[in-house]
A.B. asks: 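My questions will all concern the structure given below.
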2 protein chains.
Amino acid sequence: MRVQSSCYCTNLRRAAGTLTDRYDEALRPAGLRAAQYSLLAQLSRLGSANITHWARYAGLDRSTMVRNIRLLRDRGLVEPDVGSGKTFRLSPEGQAAVERAAPLWAKAQEELRAWLGQADADALIRISRRLQTLDTPEEGGGGHAL
Amino acid sequence: MRVQSSCYCTNLRRAAGTLTDRYDEALRPAGLRAAQYSLLAQLSRLGSANITHWARYAGLDRSTMVRNIRLLRDRGLVEPDVGSGKTFRLSPEGQAAVERAAPLWAKAQEELRAWLGQADADALIRISRRLQTLDTPEEGGGGHAL
DNA sequence: AGTTACACAGTGTATATACACTATACCACG
DNA sequence: CGTGGTATAGTGTATATACACTGTGTAACT
C-alpha cells in the first residue's frame, strides 16, 4: 500500500513519474518516449537550434541536452544543419515521428483533461508553470523567489 | 527563453525537476538528496521492510529500489536486519541523517507553501495525489482510470 | 602577435528511474 | 520425492537528469 506523503516534492515527483509512464505508453506506437516527443516538438517549433538555446528552451541542463541529442541523432531523428555544424534540425524521419506522435499526444492530453476535470487540469498547468519559475528568478517569477 | 508548453506531462516533469533541485539544495547540509530523504523517512515510519514492500510504499519499481538501497547501504544509512537478511532498517547513521534533515525539510515545505500560497499548495498535493492513482486503478482511483 | 574573455561543445561521474529477464527459495500437492 | 507455482531478490540494459570540469574557437584589446 502506497503511503500518502505530505511532502510537496515527493508527491510531485511521483505524479510526474506516473504521468510520464502514461504518456510514454500513449506515444509507444510512434516509437517515442514522452521526453523525446517533447524535445522533438520543441525543435519543430524552433526550426533549428544549437544545444545551448535548445536546452534553455527546454529548461534542461546543457549536458543533459548533449546526451539527449546524441540519442536522437543515433536514431536519425535529428541532424546537424548543413551550413553550421553546431545547429540541429529535425530529419525527415524526425518530422515523420513527430507527425505520427502528435495525434497520440493530443489524445492523451484530452483523456487526461477529461479524467482530471477542466478545473484541476487548468490548475495543474498553472501551478506547474509557477513552480518552473522557482529556479529562474529573472524570468517571471517575481525576482526574489522564496 | 523557456517555452510555455501546453503539455500536462512536460509541465509536470519540469516542475518536478525544479522542485527536486530546490529540495536537494535545502537538504544538502544534511548530506541527503530529496529522493533519499523521502526513502529514509519512509523506512523510519515502516521501522523495517523488505524491498518489495518498501518499493510499493514508495510507489517505485522494485528494481529501482534495489539500486536505491544499494546506495543507501554503501553510505551506511540503512542496514539489513539481523534476524532476517531480507529486511532493512535505518542504521544509527541513517537515523541521525533523518534527524538532521527533518528540520531542513520542514523549512523547505513552509517556504514553498508561503511562496505558492495555501490554496495552490493544497491544490498541488490534491492533484498530485490524484495523478498518482492513474497507474494503480485498484487503490482509490475509481477502477477504470481513463 | 599575445593574451584575455566569452560562448559554446563535450566528458566524467553520479543519481534516479523503469522494463525485461534471471535466480533462488520455499511450499504445497500428487 | 519431484515438480510446479508463488514470492522475493537481483542483474542487464536503457533513458533522463544534473554538477563540475575540460576543450575549442573567436573576437577584442593592448
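To find a chain, count down the sequence lines: A is the first, B the second, and so on, and within it residues start at 1. Model, not experiment: these values are computed from the prediction.
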A.B. asks: OP1 or OP2 of C:dA16 versus the side-chain N and O atoms of B:Thr64: is any pair under 4.0 Å?
C.D. replies: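 Answer no for this pair, as no side-chain N or O of B:Thr64 is under 4.0 Å from OP1 or OP2.
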A.B. asks: Could you give the CG-to-C1' distance, from A:Leu72 to D:dT15, as a whole number of Å?
C.D. replies: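 Computing the A:Leu72:CG to D:dT15:C1' distance gives 11 Å.
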A.B. asks: Roughly, in whole Å, what's the span from CG in A:Leu39 to C1' in D:dT17?
C.D. replies: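 Distance check: A:Leu39 CG to D:dT17 C1' gives 12 Å.
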A.B. asks: Are the side chain of B:Gln36 and the backbone N or O of B:Leu72 linked by a donor-acceptor pair below 3.5 Å?
C.D. replies: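 Such a contact is absent between B:Gln36 side chain and B:Leu72 backbone.
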A.B. asks: Looking at D:dA9, I'd like to know if its phosphate oxygens (OP1 or OP2) sit under 4.0 Å from a side-chain N or O belonging to B:Thr52.
C.D. replies: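 For D:dA9, OP1/OP2 do have a side-chain N/O of B:Thr52 under 4.0 Å.
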A.B. asks: Taking donor-acceptor contacts at under 3.5 Å, does the side chain of A:Arg13 reach the base of D:dT17?
C.D. replies: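 A donor-acceptor contact between them is absent.
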A.B. asks: Using a strict threshold of under 4.0 Å (side-chain N to carboxylate O), is an ion pair present between A:Arg126 and B:Asp120?
C.D. replies: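 Here B:Asp120 pairs with A:Arg126 in a salt bridge, since their nearest N and O are under 4.0 Å apart.
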A.B. asks: Would you mind telling me which of C:dA20, C:dG12, C:dA16 lies closest to the side-chain atoms of B:Gln36?
C.D. replies: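 Of all the options, the side chain of B:Gln36 is nearest to C:dA16.
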A.B. asks: Following the transitive rule for hydrophobic clusters with a side-chain heavy-atom cut-off under 4.5 Å over Ile, Leu, Val, Met, Phe, Trp and Tyr, establish whether A:Trp105 and A:Leu116 coincide in one cluster.
C.D. replies: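 Same cluster.
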A.B. asks: Take atom CG of B:Asp24 and atom P of C:dA16, then tell me their distance rounded to the nearest Å.
C.D. replies: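 Interatomic distance, CG of B:Asp24 to P of C:dA16: 8 Å.
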A.B. asks: Quick one: A:Tyr23 OH to C:dT17 C1', roughly how many Å, whole number?
C.D. replies: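 Those two atoms, OH and C1', are 20 Å apart.
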A.B. asks: Would a 4.5 Å heavy-atom cut-off, applied to side chains only, mark B:Leu104 and B:Pro29 as touching?
C.D. replies: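 Of all side-chain heavy-atom pairs linking B:Pro29 with B:Leu104, at least one is under 4.5 Å.
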A.B. asks: Give the rounded distance in Å between these two atoms: CG of B:Asn50 and C1' of D:dA7.
C.D. replies: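 That distance rounds to 10 Å.
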A.B. asks: Please give, in whole Å, the distance from C:dT11 C1' to A:Met65 CE?
C.D. replies: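 It works out to 17 Å between those atoms.
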A.B. asks: For DNA chain D, whose closest nucleotide is more 5', that of A:Ser63 or that of A:Ala34?
C.D. replies: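 Upstream on the strand: A:Ala34.
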A.B. asks: Looking only at side-chain N and O atoms, does A:Asn68 come under 4.0 Å of OP1 or OP2 in D:dT17?
C.D. replies: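 For D:dT17, OP1 or OP2 has a side-chain N or O of A:Asn68 closer than 4.0 Å.
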A.B. asks: Less than 3.5 Å between a donor and an acceptor, one on the side chain of A:Arg33 and one on the base of D:dA16, is that the case here?
C.D. replies: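 No such pair is found, so the answer is no.
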A.B. asks: Please compare B:Arg67 and A:Arg75 by the position of their nearest nucleotide in DNA chain D and report the one closer to 5'.
C.D. replies: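 The residue mapped nearer the 5' terminus is B:Arg67.
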A.B. asks: Would you say A:Arg70 places a side-chain N or O within less than 4.0 Å of OP1 or OP2 belonging to D:dT15?
C.D. replies: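 A:Arg70 to D:dT15 OP1/OP2: no side-chain N or O under 4.0 Å.
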A.B. asks: For the pair made of CZ in B:Arg56 and P in D:dA9, what is the distance, rounded to whole Å?
C.D. replies: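 In whole Å, D:dA9 P lies 10 Å from B:Arg56 CZ.
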A.B. asks: Which whole-number value in Å describes the distance from A:Asp74 CG to D:dA14 P?
C.D. replies: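 Going from A:Asp74 (CG) to D:dA14 (P), I get 12 Å.
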A.B. asks: What's the closest nucleotide to the A:Val66 side chain, out of D:dT11, D:dA18, C:dG10?
C.D. replies: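 Selected nucleotide: C:dG10.
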A.B. asks: Hey, which sits more toward the 5' end of DNA chain C by its nearest nucleotide, B:Asp61 or A:Arg62?
C.D. replies: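 First, find each residue's nearest nucleotide; the 5'-ward one identifies A:Arg62.
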A.B. asks: Using only atom types and a distance under 3.5 Å, with no angle test, would you say the side chain of B:Ser128 pairs donor to acceptor with the backbone of B:Ile125?
C.D. replies: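 It does not hold such a pair.
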